[in-house]
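Notes to accompany the following structure.
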Number of protein chains: 2
Amino acid sequence: MAEKSTRQCILDTAEKLFALHGYHHTSLRKITGEAGVNLAAVNYHFGSKKALLEAIFEYHLVPLNRIRQENLKAVRDRSRRLNQPMEVADILRAFIEPTLRYRDSSSKTRYFIALVGQSMTETDDTVRRIFLRHLRPLGFLLYEILKEALPHLEPETLYWRLQCTVGAISHIMRLTGDMHITPEGIHPSQDAETLIEQLIPFLTAGLEAP
Amino acid sequence: MAEKSTRQCILDTAEKLFALHGYHHTSLRKITGEAGVNLAAVNYHFGSKKALLEAIFEYHLVPLNRIRQENLKAVRDRSRRLNQPMEVADILRAFIEPTLRYRDSSSKTRYFIALVGQSMTETDDTVRRIFLRHLRPLGFLLYEILKEALPHLEPETLYWRLQCTVGAISHIMRLTGDMHITPEGIHPSQDAETLIEQLIPFLTAGLEAP
DNA sequence: GACTTATTCATACACTTGTTTTAAACACTT
DNA sequence: AAGTGTTTAAAACAAGTGTATGAATAAGTC
């Protein structure tokens, strides 16, 4: 980490270690040690450990969420323009595709997406609050659009199916490369295309189930 | 916590706090404070904080896993005896039903099931290792039985669909009562019957998707 | 009763955490 | 050359952590 700025060194190392071991199990001394910078540099550049985490989320999630939101609205607008019902698979793709494509765009973003997947299920408030602040509007939009695409579903049924969907997606996002329970002889590929083509049929069928 | 033994007081309070705030964000002082026992009691009765967690898992998961395993094998045996293909919904029910029924059997078990749901996604090794030691055999059995029920699926496809299933189930198990993202006006009921009847159609359709 | 064992208690220990402070260098612009 | 923002160094801070100790008390047994 010699060429990049100190600030960027910290960001890169932090998001990697946060994703690998979680926010709370990653001390500032580990981050600054691996980044090769001084311990005080974090508080100088970011103010606090929490602010460092917020900066990481801000950096990746603002542009990514804009894309996901635009994609979702594009699906809805197109359906209204053509006066055709929305396809659940299109809605899911609008949400999932940018996420996993972004994940595959570099080794750094891969760590970040794993971090996002973890944040949803964090037991501690610090991480979850930051995460929810960024994702709540998008979650509501997804719910509204799915409600429009599946008007025959009871609100409660849609709610639980969306919860299942969120659980499945976040679980896939968490898998950074270390398979926890892999049956013998199976070495599943993890590239974005594979995951997208596996996720969407599963979730579409689940959401559209009778 | 006056009538119960000190050991049981610690167990009850610990599994509640572990489920609410996570293993690492729950200090022994918080546990013993809320349980109304002395700090040293944990190390006296269990040896260490880690051993306390192991005792909690042992206490609940050994009997619960035996039931789930018996149910799974019963579905397979019945299919072989009648020479009929297995129904995916029956397999899922054999796994999910005991879990959520156990969850609803008391306020204590509800906390424990939430704790199990968290453990799968814990960033720290301590918790995940203990969890996996108990669940790995059951996971393999579930995979083998699903492979038998869905012989036309590519092994990789089955693997990813099982991952989605695990993600969805664990996410539902994590919800103890505080809904993170609840759309306005929706107050979904969380009793075992509702959850079972919501989960199984969703997951069956996903696993059987074309 | 006395004696032994099991349990509870207050306290101290060693350690890690995030954060702050001091000082001294370095890089850069005007 | 002066000044400004950055970086490093070393040290200390208060707070919190799991664990260990030894004395005090309770429970059980002969």
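Treat the numbers as computed from the prediction; the structure is a model and nothing was measured. Residue numbers start from 1 in every chain, and the chains themselves are labelled A, B, ... in the order their sequence lines are given, proteins ahead of strands.
- Each of Ala40(A) and Lys30(A) has a nearest nucleotide on DNA chain C; the 5'-most of these lies closest to Lys30(A).
- Within the nucleic acid shown, Thr32(A) has no heavy atom closer than 4.0 Å to any nucleic acid atom.
- Between Glu122(B) atom CD and Glu122(A) atom CD the span is 7.5 Å, to the nearest 0.5 Å.
- Checking Leu39(B) against Val42(A), the closest nucleotide of DNA chain C that is more toward the 5' end is the one next to Leu39(B).
- Judged by a 6.0 Å distance limit and a 45° cone about the ring axis, Lys50(B) is not positioned over the six-membered ring of Tyr23(B).
- At a cut-off of 3.5 angstrom, counting only N and O atoms as typed in the model, there is a donor on one side and an acceptor on the other between the side-chain of Asn38(A) and the base of dA9(D).
- You'll find the ring centres of His24(A) and His24(B) outside the 6.0 Å limit.
- For Leu28(A), counting side-chain heavy atoms from C-beta on, the closest listed nucleotide (dG18(C), dT8(D), dA10(C)) is dG18(C).
- In this structure, Tyr44(B) does not reach the dT8(C) phosphate: none of its side-chain N or O atoms is under 4.0 Å from OP1 or OP2.
- Mapping Arg7(A) and His24(B) onto DNA chain D via the closest heavy atom, the residue that lands nearer the 5' end is Arg7(A).
- Contact between the side-chain N/O atoms of Ser27(A) and the OP1/OP2 oxygens of dT16(C) is not found at any separation under 4.0 Å.
- Sorted by residue number, the members of residues 45-53 of chain B with any non-hydrogen atom under 4.0 Å from DNA chain C read His45(B).
- Counting heavy atoms of neighbouring residues, nucleotides and ligands inside a 6.0 Å radius, atom CZ of Arg129(B) does not exceed 12 of them.
- Under the 30°/60° scheme for interplanar angles, the aromatic rings of Phe202(A) and Phe202(B) are found to stand perpendicular.
- Classified by interplanar angle (parallel below 30°, tilted 30° to 60°, perpendicular above 60°), the ring pair Phe112(B)/His60(B) is parallel.
- Atom-to-atom, CG of Asn43(B) to C1' of dT17(D) comes out at 12 Å; the value is rounded to the nearest Å.
- Using modelled atom types, one finds a donor on one side chain and an acceptor on the other under 3.5 Å when comparing Arg68(B) with Thr99(B).
- Atom CD of Gln8(B) is separated from atom P of dT7(C) by 14 Å (rounded to the nearest Å).
- If you measure from atom OH of Tyr23(B) to atom P of dT17(D), you get 13 Å, rounded to the nearest angstrom.
- Within 3.5 Å, a donor on the side chain of Arg29(B) pairs with an acceptor on the base of dG18(D), or the reverse.
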